[in-house]
S.K.: 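Starting off with a structure, shown below.
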Protein chains: 2
Amino acid sequence: MKTTRNTAAKTAVLEIFGKSKTALSHTEIQKQIGDLCDRVTIYRILDRLVNDDIVHKIVNLDGTVKYAKCHHHAQRVHIHNHAHFSCENCLEITCLENVKPSYILPHNYKVNDINFTLSGLCPNCLNSNN
Amino acid sequence: MKTTRNTAAKTAVLEIFGKSKTALSHTEIQKQIGDLCDRVTIYRILDRLVNDDIVHKIVNLDGTVKYAKCHHHAQRVHIHNHAHFSCENCLEITCLENVKPSYILPHNYKVNDINFTLSGLCPNCLNSNN
DNA sequence: ATTTTAAAAGCAACTATGTTGCATTAAAAT
DNA sequence: ATTTTAATGCAACATAGTTGCTTTTAAAAT
């Protein structure tokens, strides 16, 4: 079985996730990393972290891809069925951990994964009425 | 006010949408269009159709972008809050027009748009047990 | 029917995002 | 200290989408 190593670059990426309250794109991470590692390395680190269920991948309505730390605690079957909120003004994406959609599906569909993204204005941008 | 014109390319694109039961990507449309028009033109036609609420844009879990005809009938406020199903096997995306998620949101969020995508196995692929 | 006008198309160039192959480096087990 | 192989760096490539500018053409005005 494959072991995963703790490298300087991976540690740096995890630290960046730790400090951020919102989801981050590859580009945003790269800006913070600077030249500590190659941009390809960041892609590969993100792949690994997603694979190890340490972060999850979020695809926004506009097609932008972001990543956020997982906050679940060792669930056996792991579906990221919580909602994500994408602010049209500040462009930040936040996980709404406790918002779970309920729905009724037609027969004969087997669901393995769910993406539920809401977009609009976040509390911050709603208050500063612009 | 801007008027929208009926061009040969636009007609062709609409015909392709008419024939398809599933959502289509730019590439899939381009393949069917052949050299009837430039690929940039297809992008611009899709933009216009989305703007005119004739098709809607669907961003899949894997980041692929597809388009599908709208089936609503002249609603004033137009939110595409129906679900989309993305099959992991045949990669087809279908609109589940009648599946609408219900959810409870924290205060101070203003929702303008919703993306609810389910992925797994569609009835076709579920039956042919592979 | 002809002229006018601006929407739409064509084309080339560019940007952004993500991937792959391969040689090199380094984490961690021995 | 040596060994093993995961991880990295780098170059090249692939795909998706955008932009500027000229030309074409749908459709309105004459």
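Residue numbers start from 1 in every chain, and the chains themselves are labelled A, B, ... in the order their sequence lines are given, proteins ahead of strands.
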S.K.: Has T3(B) got a side-chain N or O lying under 4.0 Å from the OP1 or OP2 atom of dA6(C)?
M.R.: no
S.K.: Atom CG of L36(B) to atom C1' of dA8(C): distance rounded to whole Å?
M.R.: 14 Å
S.K.: More than 12 foreign heavy atoms under 6.0 Å from CG of D35(B): is that the case here?
M.R.: no
S.K.: May I ask you to check whether H84(A) and F116(A) place their ring centers less than 6.0 Å from one another?
M.R.: no
S.K.: For a quick check of understanding: with a heavy-atom distance under 4.0 Å over all strands, which category does V40(A) fall into, base, sugar-phosphate or nothing?
M.R.: base
S.K.: In whole Å, what is the span from the CZ atom of R5(B) to the P atom of dT24(D)?
M.R.: 15 Å
S.K.: Just name whichever nucleotide pairs with dT30(D), Watson-Crick or G-U, keeping both distances under 3.5 Å, else none.
M.R.: dA1(C)
S.K.: Round to the nearest Å and state the distance from I33(A) atom CD1 to dG9(D) atom P.
M.R.: 10 Å
S.K.: Is there a side-chain contact between T41(A) and the phosphate of dG9(D), meaning an N or O under 4.0 Å from OP1 or OP2?
M.R.: yes
S.K.: Which whole-number value in Å describes the distance from R39(B) CZ to dA9(C) C1'?
M.R.: 14 Å
S.K.: Quick check: any donor-acceptor pair below 3.5 Å linking the side-chain of R48(A) to the base of dA7(D)?
M.R.: no
S.K.: Under a 3.5 Å distance rule, please check whether D52(A) uses its side chain to pair with a backbone N or O of I54(A) as donor and acceptor.
M.R.: no
S.K.: Given atom CD of E28(A) and atom P of dT17(C), what is their separation to the nearest angstrom?
M.R.: 10 Å
S.K.: Say whether S86(B) and T117(B), considering side chains only, have a donor N or O and an acceptor N or O under 3.5 Å apart.
M.R.: no
S.K.: Could you tell me whether the side chain of T11(A) and the main chain of T7(A) form a donor-acceptor pair under 3.5 Å?
M.R.: yes
S.K.: Take atom NZ of K57(A) and atom P of dT17(C), then tell me their distance rounded to the nearest Å.
M.R.: 13 Å
S.K.: Please give, in whole Å, the distance from dA26(D) P to N6(B) CG?
M.R.: 10 Å
S.K.: OP1 or OP2 of dA8(C) versus the side-chain N and O atoms of T4(B): is any pair under 4.0 Å?
M.R.: yes
S.K.: Write down the distance between OH (Y43(A)) and C1' (dT15(D)), rounded to a whole number of angstrom.
M.R.: 12 Å
S.K.: Select from H26(B) and T7(B) the residue whose nearest nucleotide in DNA chain D is closer to the 5' end of that strand.
M.R.: H26(B)
S.K.: Remember a base hit wins even if backbone is also touched, and classify I42(B) as base, sugar-phosphate or nothing at under 4.0 Å, heavy atoms.
M.R.: nothing
S.K.: Nearest nucleotide by nearest heavy atom, which residue falls closer to the 5' end of DNA chain C, R44(A) or T27(A)?
M.R.: T27(A)
